[in-house]
Amino acid sequence: MFANFAVPDFFPAAPEIFLLAMTCVILLLDLTVQSPRRTLTFALTQATLLGCALLTLFLFVTRLIASQEYSHIEIIANYTFSNMFIDDGLADFLKLLTYFTVMATLFYSRRYIEDRQAIPRGEYYVLALFATLGMMVMISANHFLTIYLGLELLSLALYATVALNRASATATEAAMKYFVLGALASGMLLYGMSMLYGATHGALEIGAVAEQLRAYQELGSVDKTALVFGLVFIVAGLAFKLGVVPFHMWLPDVYHGAPTSVTLLIAAAPKLAAFAMTVRLLVSGMLDLSADWRAMLMLLAVLSMAVGNIVAIMQTNIKRMLAYSAISHMGFMLLGLAAGVSVAGQQHGLMEAYSASMFYVVTYVLTTLAAFGLMMLLAREGFESDRLDDFKGLNKRSPWFAAMMMILMLSMAGIPFFVGFFAKFAVLRAVVDFGHYWLAIAAVLFSLIGAFYYLRVIKIMYFDEPEADNAAPITAGFFTKTLVSANSLAVAAVGLFPNLLLGICNASLRGVLPKI
Amino acid sequence: MSYPLLSLAIWIPVAAGIIVLSTGSDRNAGLARILALAGAMLGFVVTLPLYVGFDTTTAAMQFVESSVWIPNFNIHYRLGVDGISVLFVLLNSLITVFVVLAGWQVIKRKIAQYNAAFLIMSGLMNGIFCALDGMLFYVFFEASLIPLYLIIGIWGGPNRVYAAIKFFLYTLLGSLLFLLALIYLFNVSGSFSILEWHDLRIPQNAQIWLFLAFLMAFAVKVPMFPVHTWLPDAHVEAPTGGSVVLAAIALKLGAYGFLRFSLPIAPDAAHELTWLMIALSLIAVVYIGFVALAQKDMKKLVAYSSISHMGFVTLGFFMLSALSVEGALVQMISHGFVSAAMFLCIGVLYDRMHSRQIADYGGVVNTMPKFAALFMLFAMANAGLPATSGFVGEFMVILAAVKFNFWIGFAAATTLILGAAYTLWMYKRVVFGAMTNDPVRELVDLNRREFLILALLALCVLGMGLYPQPFTEVMHVSVDNLLKHVALPKY
């Protein structure tokens, strides 16, 4: 019965296996750690992530060497577990970014959760690791089921982290909302996948789906009803995970209700995984249906930019404001994915459009990371620093961090020389390149509306007087301060020299388009 | 010897700004001021060789620098100046010195940040005038909004927040559509080089759209009627230095954009839309002139007078003759000196009285005779009196306008009457007459610092009025070349 069973090649999944093993070890070790600071748990967690990074780098280098031996022009991708799992440029790059994002998240959150007795610490680190594992599986998924597996692992870990603060009613409410809506979205995604499974004669592997769709394309008159029906559900599921309108309802409440450390965990790294999932499903898998999904993405993008930017104006809580800002940014990012027209198998310009979107996501994550990091830096026991008014007169209290926050806000608003500008520029270029002028005009007009609320944060920091009760000095440690500053300055530095990152995004997406 | 003079002109002020910023709190205010002045002076000194070494016989770009910046999008760090832009680099660097001096005693809080903002802005604006790469131009164009936003918002008057945000969003609206136009040109040509765009063949229809997108950006910046409403607010609320830079340099950016982008890239659209541009310009000249007449606030009055004068500039550009374009350029430089001087004069009064209302003054000449004399000169220049710089440009443009069409010339010439009316009437109400209140009786005349700034500006105004040759000589060949270029159809 097991005659055909071959031991799979575990090597391409080494980082995932290492992470899982270490997470179990940390989970057990944490039971014995008595210190309220959980220094051991924290150190092991960071070491694990660093180890994963090294392993991923090692995998990348091995593939690089192997490619050169066979004198491939492209760097080869490794498949394993019967093609359910892929290790390619996109996976390596996004995983590395994910590790560093989570590492930074944990560094920023450390003091924040120490100050708050109600949040169990050991569990926070372990759940963050499980979430990371989920993201890694999502990024490396080459099969509908693997995608679903990774997504659920990520989501379940995040639902739990939102509710970590059991005493807080808002956190519990946010967790419930997140869970119910998230489960619904997962259901939709799964339903869409099952429709496609039927419509493609049982294809679940991304490559097989692409082949089957290509065959239909060449055949010509094939009834696409079931395909498009399934596609709608898949796009809806993706839209929920990306948090774009009209599937955005959970986002502001979860951002607001969760402790800031958890908000950052949700706001930053998972965007990378969601992007990978979108690219794998829509681009690698269903490029031949792009005429159908592009229209859907355009609608989602315009709605998100409109709702995100307009509603953000009315927020008084900076976490909610950033939530709506996230909605609008994800909408802008979708423009790049929606722009490319694949006419009769021609893929000219598609890569640029997709890598513009990727650049957008990566830089957005970098900026968000610093923004929430800064918020946690200014927070202290009993003071969340999450109202806009808490930033009043920051220039008087700390000119340095006011300048850092200004860099971040200007970058999000898309003002040069900061990286947000080049991200917007790259996407707009792709949109204009494919002739969607009205889309581009809509995008810039909504960016203009968006600029208002980012400018208002600067106004609050620079033009207003500080409130009496937030005049206490910043208590964060030197290391955190340096890290937040470096992160913010990176936003400016990548803005001055964006070429390297653009090049990496281009290169890592190279193997993603289906082969013709 | 080939120093990267343009890079120095851009980055010396920016670097100086960052150094000034690092002096930190107001305890080191003295150091911050001295460093700022040194930075501004150095920034001005490095621009002098640009004028001395400028070759007036060629229309080609000079002092060119070029290196790759973002190869992925073929964006280059390309700098160069021709006869049209070189004078603005000098003007900008000179005005920065005055601005630092003008804020010497007046600005009392966050001195380092104040001076740094001006220095950085000065560098960025030099970048706008020097950029030969569309994206580089755009990046400088937008980045220069940030320091001015902070200047108005932090050191401005009571309604400063409203004015600062209005200023920023208004200008951003225009420049975002400009960005789309740049992207379109890049997709058509595969390059961001402005000079390559000049030779690009573009269908008429696309030219019209491009022209309108450029117009959005530059008309807001100039500002032209009907998108001028941000300017009076920004001027009134800005501190004196902010008003000076805004009037003397920032407004010129839009006008410069017309010469660098609109005319050479979309010449056929420019020909087709001449009527629109001339109509808007004349409305600015005449209607805004009347609006200025009705102002009760001195700064607002000068702000409206700026709009009216800039209307003259755009009028000159779009009559497309050598005389009119050169006249408009001379008017831009002259307005740079005169408006700066006017705002500095109002600043002198405001520092003493903390009021800009004309009605609060009267009889200032009795207590401040030196000031009254200098103010008189600048008021005359603002009204376009012969022998001042204000006259030269206006006369050239009116002459060209009469040749172009008598009635346009006639309408343009009313500016002489209106300008004299609002400026001199304001002067009369502020400086002459009986001293109406005690604060005016206790006014102190100019101190040495103020006298130095105003006297230097007076020299510029008079010198340019009496002997405009050195200015027109520099721009002549470039303007001729531009007009030849514009005359050829491109589609």
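To find a chain, count down the sequence lines: A is the first, B the second, and so on, and within it residues start at 1. Remember, predicted model here, so these are calculated numbers, not experimental data.
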Query - Side chain / backbone / both / neither for Leu410(A) at chain B, heavy atoms under 4.5 Å - result: side chain
Report summary line: If one checks every heavy atom of Tyr149(B) against chain A at 4.5 Å, the contacting part turns out to be both
Requested in this report: Below 4.5 Å from any heavy atom of chain B, which atoms of Ala443(A) appear? Answer side chain, backbone, both or neither.
Outcome: neither
Query - Arg429(A)/Glu352(A) salt bridge by N-O under 4.0 Å criterion - result: no
Report task. For residues Phe140(B) and Phe129(B), establish whether the separation of their ring centroids is below 6.0 Å. Result -> no
Query raised in the report: Strictly under 6.0 Å, is that where the ring centroids of Tyr138(B) and Phe192(B) end up?
Result: no
Query raised in the report: For Phe425(A), is it the side chain, the backbone, both, or neither that has a heavy atom closer than 4.5 Å to a heavy atom of chain B?
Result: both
Query raised in the report: Taking the six-membered ring where the residue is Trp, are the ring centres of Tyr114(B) and Phe118(B) under 6.0 Å apart?
Result: yes
Query raised in the report: Is there a donor-acceptor contact under 3.5 Å linking the side chains of Thr171(B) and Trp230(B)?
Result: no
Query - Between Ile165(B), Leu21(B), Leu180(B), the one whose heavy-atom pairs under 4.5 Å with chain A are most numerous - result: Leu180(B)
Report task. Would you kindly check if the NZ (Lys) or CZ (Arg) of Lys459(A) is within the cone defined by 45 degrees around the ring axis of Phe391(A) and under 6.0 Å from the six-membered ring centre? Result -> no
Report summary line: Heavy-atom nearest pair, Lys110(B) first then Trp155(B), reads O-CZ2, 3.3 Å
Query raised in the report: Non-hydrogen atoms of chain B under 4.5 Å away: do they reach the side chain of Leu445(A), the backbone, both or neither?
Result: side chain
Query raised in the report: Can you tell which of Pro71(B), Ala143(B), Gly156(B) has the highest number of heavy-atom pairs within less than 4.5 Å of chain A?
Result: Pro71(B)
Query raised in the report: What part of Leu179(B) lies closer than 4.5 angstrom to a heavy atom of chain A: side chain, backbone, both or neither?
Result: side chain
Query raised in the report: Tell me, side chain or backbone of Ile152(B) under 4.5 Å from chain A's heavy atoms, or both, or neither?
Result: neither
**Report entry** Residue part contacting chain A, namely of Ile146(B), when any heavy atom lies under 4.5 Å
**Finding:** side chain
Report task. Identify which part of Lys424(A) has an atom lying under 4.5 Å from any heavy atom of chain B, answering side chain, backbone, both or neither. Result -> neither
Query raised in the report: With respect to chain B, which residue among Ile449(A), Ile441(A), Val432(A), Leu500(A) yields the maximal number of heavy-atom pairs within a distance under 4.5 Å?
Result: Val432(A)
Report task. Please check if the distance between the ring centroids of Phe422(A) and Trp69(B) is under 6.0 Å. Result -> yes
**Report entry** Which portion of Ile75(B) sits near chain A, non-hydrogen atoms under 4.5 angstrom
**Finding:** side chain
Report task. Compute the ring centroids of Phe261(B) and Phe137(B), then answer whether they are less than 6.0 Å apart. Result -> yes
